[in-house]
Amino acid sequence: MNMPEELIKQAFDEEFEEQLLAIRQSMSYYRCALMEVETKFKVLNEQFSLYYDRNPIESISTRIKSEASILRKLQNRNLPLSLESMEENIFDIAGVRVIGSFLEDIYDLANYFLKQDDVHLIETKDYIQHPKPNGYRSLHLIVEIPIFLANEKKWVKVEVQFRTIAMNFWASLEHKLRYKKELSQERLAEIDSELLECAKLCATLDQKMQNIKGSKLAQEL
C-alpha cells in the first residue's frame with residue numbers, strides 16, 4: 001500500500017535529515033546535467049537549421065523528480081532510503097523530453113546525441129517499435145553525462161525521452177483522462193479501449209506524415 005503524500009514527505013525528511021546538504025547538492029548536480037543535455041540538443045537543432053534548412057526539434061522540456069516521488073519509488077522497490085540508494089537505483093530523477101517533427105527525426109536525434117563521446121548510454125527502451133500495452137509510444141534513453149564542477153568532474157544520470165508531436169499529444173491527454181479518480185472502473189476500462197484506438201491512429205498519422213516527407217524529398221532530388 002502506498003503511503004499518503006504527507007507521510008512520504010515526513011519520512012523522507014526524517015530519513016535524510018542528517019544528509020540534507022548532500023541531498024540538496026546532489027539535486028543541484030541533476031539540474032546542471034539537465035542544462036548540459038538541453039544545450040546539446042539546442043546545438044544539434046542549430047546544426048540542422050544551418051545544414052538542412054529545417055529544425056527537427058519542436059520543443060525541449062526538462063523536469064526534476066520531487067523528493068516525495070523519489071522516496072515513493074525507493075519504497076515501492078524496497079530499497080534503502082539513502083542518498084547512495086537514490087543515486088544508484090533511480091535513473092530518471094533528471095528528465096529531458098525532446099519533441100521531434102517526424103519519426104525519422106526521433107532516431108536521428110538520438111543517434112547524433114549518442115555519438116557524442118561524453119554521453120554514455122546505460123539503457124534503451126524503444127516504446128515506438130514496441131509500444132506499451134496501453135498504446136504509449138516513445139523512445140527512452142538512460143544516459144550518463146559529465147558535469148564540470150569547481151574541483152571535480154561528476155557523472156550524472158539523465159533520462160531522455162523522444163516523442164513526435166502525435167506521441168506527445170496522446171501521452172498528455174492520456175494522463176489527464178486516465179487518472180480522473182471519480183470515474184468508475186467500468187468507465188475507465190472503456191477509456192482504456194478508446195485511448196488504445198487513438199494511439200493506433202496517432203501511429204498511423206506519424207507514419208503517413210513520414211511517408212509524405214519522404215516523397216516530397218524524393219521529388220526535390
Determine whether P146 and K154 make a side-chain contact, defined as any pair of heavy atoms from C-beta on separated by less than 4.5 Å.
no
Are the side chain of S172 and the backbone N or O of N168 linked by a donor-acceptor pair below 3.5 Å?
yes
At what distance, to the nearest 0.5 angstrom, does CG of L121 lie from CG of L141?
6.0 Å
Using the side chain to side chain contact (heavy atoms under 4.5 Å, CB included) rule, take Q129 and D126 through it: C-alpha gap first, then chi angles, then the decisive distance, then the call.
CA-CA 6 Å; Q129 297 299 320; D126 191 340; 3.2 Å; yes
Which pairs count as salt bridge (Lys or Arg N to Asp or Glu O under 4.0 Å) when at least one residue sits in residues 127-138, sequence neighbours excluded?
R137-D206
For the pair T39 (side chain) and M35 (backbone), establish whether a donor and an acceptor sit closer than 3.5 Å, ignoring hydrogens and angles.
yes
Note, T124 side chain near L139 side chain (heavy atom, < 4.5 Å):
yes
Looking at CG of L44 and CD of Q116, how far apart are the two atoms once the value is rounded to the nearest 0.5 Å?
5.5 Å
Once you measure the plane-to-plane angle for H120 and W155, does it fall in the parallel (<30°), tilted (30-60°) or perpendicular (>60°) bin?
parallel
Give, for atom CG of L205 and atom CE of M167, the distance between the pair rounded to the nearest 0.5 Å.
10.5 Å
Are there more than 12 heavy atoms of other residues, nucleotides or ligands under 6.0 Å from atom CE of M27?
yes
Would you call F162 and I128 a side-chain contact if the rule is heavy atoms closer than 4.5 Å?
no
When rounded to the nearest 0.5 Å, the distance separating CD1 of I165 from CD1 of I99 is 8.5 Å
If you look at every heavy atom in C202 and W170, which pair is closest and at what distance?
SG-CB, 4.1 Å
Are the side chains of L109 and P56 in touch, meaning some heavy atoms are under 4.5 Å apart?
yes
Taking all non-hydrogen atoms of both residues, which atom of L196 and which atom of P133 are closest, and how far apart?
CD1-O, 3.6 Å
Does the side chain of Y136 come under 3.5 Å of the side chain of R163 through a donor N or O and an acceptor N or O?
yes
Determine whether a donor-acceptor pair (N or O, by modelled atom type, separation under 3.5 Å) exists between the side chain of N45 and the backbone of F41.
no
Check whether any side-chain heavy atom of N55 sits under 4.5 Å from a side-chain heavy atom of F48, and report yes or no.
no
Salt-bridge contact E194-R187 (side-chain N to carboxylate O under 4.0 Å):
yes
Between S69 and K65, what is the shortest heavy-atom contact and its length?
OG-NZ, 3.6 Å
N/O donor-acceptor pair under 3.5 Å between D105 side chain and G100 backbone
no
Both conditions, 6.0 Å and 45 degrees, for the charged tip of K153 above the ring of F148: are they met here?
no
Please determine whether residues I90 and I142 belong to a single hydrophobic cluster, defined as Ile, Leu, Val, Met, Phe, Trp and Tyr linked transitively by side-chain heavy-atom distances below 4.5 Å.
no
Hey, is the main chain of I93 close enough, under 3.5 Å, to the side chain of R63 for a donor-acceptor pair?
yes
Any idea which heavy atoms bring R24 and R31 closest together, and the distance?
O-NH2, 4.3 Å
Least distance between heavy atoms, A199 atom then G135 atom
CB-O, 3.5 Å
Interatomic spacing from CG in N134 to OH in Y127 - rounded to 0.5 Å:
10.5 Å
K73 and D92: salt bridge (Lys or Arg N to Asp or Glu O under 4.0 Å), yes or no, with the steps?
CA-CA 11 Å; K73 203 160 190 177; D92 62 346; 2.8 Å; yes
Side chain proximity check, I60 to R97, heavy atoms < 4.5 angstrom:
no
F102 backbone acceptor or donor facing T164 side chain under 3.5 Å
no
With a 4.5 Å cut-off on side-chain heavy-atom distances among I, L, V, M, F, W and Y, is there a chain of contacts connecting I106 to L114?
yes
How close do V158 and A33 get, heavy atom to heavy atom, and via which atoms?
CG2-CB, 3.7 Å
Side chains of S85 and L74: does their closest heavy-atom pair fall under 4.5 Å?
yes
Under the side chain to side chain contact (heavy atoms under 4.5 Å, CB included) rule, what do S26 and E87 come out as? Steps first, then yes or no, please.
CA-CA 9 Å; S26 180; E87 293 181 340; 2.8 Å; yes
Between the side chain of Q161 and the main-chain N/O of V98, is any donor-acceptor distance below 3.5 Å?
no
Restricting to pairs with a member in residues 39-48, which pass salt bridge (Lys or Arg N to Asp or Glu O under 4.0 Å), not counting sequence neighbours?
E38-K42, K40-D118
Tell me if the CD atom of E152 is crowded by more than 12 foreign heavy atoms within 6.0 Å.
yes
Min side-chain heavy-atom separation I122-F91 under 4.5 Å
yes
Find the distance between CD (Q75) and CZ (R72) and round it off to the nearest 0.5 Å.
8.0 Å
